[in-house]
Enquirer: 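Here's a structure for you.
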Number of protein chains: 2
Amino acid sequence: MNNKNELEPTKILNSYLEEKGLRKTQERYLILDEIYKKNDHFDIESLYQLIIKKQKISKATIYNTIDILIELKLIKKHSFLNKTLYEKSFQKKQHNHLICNDCDKVLEFCDPRIQNIINSIESSMNFVVAEHSLNFYGKCNDPKKCKKI
Amino acid sequence: MNNKNELEPTKILNSYLEEKGLRKTQERYLILDEIYKKNDHFDIESLYQLIIKKQKISKATIYNTIDILIELKLIKKHSFLNKTLYEKSFQKKQHNHLICNDCDKVLEFCDPRIQNIINSIESSMNFVVAEHSLNFYGKCNDPKKCKKI
DNA sequence: ATATTTGCAAAGAGTTTGCATCATA
DNA sequence: TATGATGCAAACTCTTTGCAAATAT
């Protein structure tokens with residue numbers, strides 16, 4: 001990824017705030033930055049803990065900003081069976097998740113066949129698909145990380 | 001479905017309670033019955049409201065019993081994007097969900113291609129899939145029921 | 001009889017809301 | 001400086017827990 005791309009999420013947020021006449025607060029940019037420094041799925045609590053180490057922030061501000069970032073499709077929310085996780089989503093292609101029931105690790109995979117299924121459903125069910133989630137729950141068998149046998 | 005099959009969920013619960021030496025309380029059977037009278041997806045609150053009209057019950061008891069029924073695979077829990085719903089699952093074949101973002105209706109569909117995807121993932125990712133969820137969020141276009149255009 | 005389950009109420013997690021203060025435009 | 005955003009605390013929802021009373025074995 002080049003410098004230009006790295007800046008894109010910030011530019012997108014910036015343009016959006018300008019367009020909507022919303023304020024460009026340092027909190028909003030900071031939250032976006034911290035999310036884009038992360039490489040894995042995260043929950044609100046861990047994001048809060050990360051930021052609060054550096055400066056004062058409130059969870060309400062994080063929740064507010066998260067809503068904006070979801071609307072901008074800069075992050076994506078996932079409701080897994082027992083917890084809600086988020087991930088950055090700028091220029092990230094469609095992918096699905098494997099969730100290890102034993103070690104809670106979240107892996108990703110892509111599969112073009114899902115698009116075929118979406119196409120079938122849209123034509124047979126009179127339903128327009130806006131987004132989808134495909135999650136496989138099971139056992140990752142990673143000998144290094146999967147603790148609980 | 002014949003009488004024998006209609007009784008199966010109760011028999012399954014009964015055997016399980018006997019095996020485990022757990023008590024056969026009328027609450028446990030009542031909760032199972034009410035769930036099996038329902039034909040759609042439900043949340044804890046609506047199940048509670050249904051039962052409380054007939055007799056005293058506490059939500060704690062419902063949550064406890066739900067855990068047993070999930071373990072017995074008599075019901076299945078679904079974490080949709082903004083709410084948790086349950087459905088009866090005895091002798092119900094694998095299916096997936098369409099969730100209307102406008103009217104909250106939940107539709108079901110089956111697609112054999114999902115099993116193919118599971119097979120691919122298990123062989124390519126060293127992951128054993130225990131269960132999966134495939135949800136499509138969008139617009140159901142049901143002119144009768146989809147209120148919010 | 002006795003130990004588990006229930007019902008209740010309180011405690012917890014996660015998220016939202018109201019309001020005074022702060023800070024961006 | 002004027003309005004929108006923040007931070008805080010309280011409220012809210014959903015779920016879990018602790019304990020006394022009820023009940024199945």
Side-chain angles (χ1 to χ4, degrees), chain A residues 10 13-35 41-72 75-87 104, chain B residues 10 13-35 41-72 75-87 104:
Chain A
T10 301
L13 176 58
N14 201 43
S15 310
Y16 176 84
L17 296 177
E18 272 177 13
E19 256 172 45
K20 295 270 181 178
L22 299 174
R23 289 190 185 164
K24 299 179 189 174
T25 64
Q26 62 112 189
E27 284 86 353
R28 285 170 170 169
Y29 291 102
L30 175 63
I31 291 167
L32 178 63
D33 280 355
E34 288 299 332
I35 290 172
H41 298 73
F42 62 91
D43 59 17
I44 298 291
E45 180 63 25
S46 68
L47 180 59
Y48 172 75
Q49 291 302 334
L50 200 64
I51 297 176
I52 199 68
K53 273 188 262 176
K54 304 185 179 176
Q55 71 160 67
K56 192 168 61 169
I57 191 93
S58 100
K59 280 189 186 171
T61 302
I62 292 181
Y63 278 105
N64 283 337
T65 303
I66 285 278
D67 287 343
I68 293 173
L69 300 180
I70 288 174
E71 181 166 345
L72 287 172
I75 64 173
K76 200 161 168 8
K77 176 179 178 176
H78 299 289
S79 295
F80 294 128
L81 269 178
N82 285 305
K83 69 177 128 183
T84 297
L85 296 179
Y86 300 82
E87 66 176 323
D104 288 337
Chain B
T10 302
L13 175 59
N14 201 44
S15 310
Y16 176 84
L17 296 177
E18 273 177 14
E19 256 173 46
K20 295 272 182 178
L22 299 174
R23 289 189 186 164
K24 300 178 189 175
T25 64
Q26 60 113 190
E27 285 85 354
R28 285 169 171 170
Y29 291 102
L30 175 62
I31 291 166
L32 178 63
D33 280 355
E34 290 298 333
I35 290 173
H41 298 74
F42 61 91
D43 59 17
I44 298 291
E45 181 63 24
S46 68
L47 180 60
Y48 172 76
Q49 291 302 334
L50 200 64
I51 297 176
I52 200 68
K53 272 189 263 176
K54 304 185 179 177
Q55 70 159 66
K56 190 169 61 168
I57 191 90
S58 100
K59 282 190 186 170
T61 302
I62 292 181
Y63 278 104
N64 282 337
T65 303
I66 285 279
D67 286 342
I68 293 173
L69 301 180
I70 288 174
E71 181 166 344
L72 287 171
I75 65 173
K76 199 160 169 6
K77 177 179 178 175
H78 299 290
S79 296
F80 294 128
L81 269 178
N82 286 306
K83 69 177 128 182
T84 297
L85 296 178
Y86 300 82
E87 67 176 323
D104 288 336

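This structure is a prediction, so every number in the text was calculated from the model and none was measured. The sequence lines fix the lettering, A, B, ..., with proteins before strands; numbering per chain opens at 1.
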Enquirer: To the nearest 0.5 angstrom, please state how far the OH atom of B/Tyr16 sits from the CG atom of B/Leu22.
Expert: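 It is 6.0 Å, given to the nearest 0.5 Å.
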Enquirer: Is the shortest distance from a Lys or Arg side-chain nitrogen in B/Lys77 or B/Glu87 to a carboxylate oxygen in the other one below 4.0 Å?
Expert: no
Enquirer: Any non-hydrogen side-chain atom of A/Ile35 less than 4.5 Å from a side-chain atom of A/Tyr86?
Expert: no
Enquirer: Report yes if the side chains of B/Tyr29 and B/Leu13 come closer than 4.5 Å at any heavy-atom pair, otherwise no.
Expert: yes
Enquirer: Does any donor atom in the side chain of B/Asp43 or B/Ser46 lie under 3.5 Å from an acceptor atom in the other side chain?
Expert: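 Short answer, yes.
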Enquirer: Sugar-phosphate means primed atoms, P, OP1 and OP2; the rest is base. With that split, encode nucleotides 20-25 of chain C 5' to 3' as B, S or - using protein heavy atoms under 4.0 Å.
Expert: ---BBS
Enquirer: Would you name the heavy atoms of B/Leu17 and B/Lys24 that are closest together and state the gap between them?
Expert: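 That would be CD1-CA, 4.0 Å.
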Enquirer: If you check every side-chain atom of B/Arg28, which of C/dT6, D/dA5, D/dT15 has the closest atom?
Expert: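 The listed nucleotide nearest to B/Arg28's side chain is C/dT6.
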Enquirer: Keeping B/Thr65 on the side-chain end and B/Thr61 on the backbone end, is there a donor-acceptor pair under 3.5 Å?
Expert: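 Yes, the answer is positive, given that a donor and an acceptor are paired below the 3.5 Å cut-off.
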Enquirer: Quickly work out the B/Lys20 NZ to D/dT25 P distance and round it to whole Å.
Expert: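 Those two atoms, NZ and P, are 17 Å apart.
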Enquirer: Once you round it to whole Å, what is the distance between C1' of D/dC14 and CZ of B/Phe42?
Expert: 15 Å
Enquirer: Quick one: are A/Asp104 and A/Lys83 in side-chain contact, heavy atoms under 4.5 Å?
Expert: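 Heavy-atom side-chain distance check passes, below 4.5 Å.
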Enquirer: To the nearest Å, how far apart are A/Asp43 CG and C/dT15 C1'?
Expert: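 Rounding to the nearest Å, CG of A/Asp43 and C1' of C/dT15 are 13 Å apart.
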Enquirer: With nearest nucleotides of DNA chain D determined for B/Ile44 and A/Ile31 from heavy-atom distances, which residue corresponds to the more 5′ nucleotide?
Expert: A/Ile31
Enquirer: What is the distance, rounded to the nearest whole Å, between atom CG of B/Leu30 and atom P of C/dG7?
Expert: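 It is 10 Å, rounded to the nearest whole Å.
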Enquirer: Measure from CD on B/Glu18 to C1' on D/dT25 and round the result to the nearest Å.
Expert: 12 Å
Enquirer: Given atom CZ of A/Phe80 and atom C1' of C/dG14, what is their separation to the nearest angstrom?
Expert: 17 Å
Enquirer: Check whether any side-chain heavy atom of A/Gln26 sits under 4.5 Å from a side-chain heavy atom of A/Arg28, and report yes or no.
Expert: no
Enquirer: Looking at residues 45-67 of chain A, who's got a heavy atom less than 4.0 Å off DNA chain D?
Expert: A/Lys56, A/Ile57, A/Ser58, A/Ala60, A/Thr61
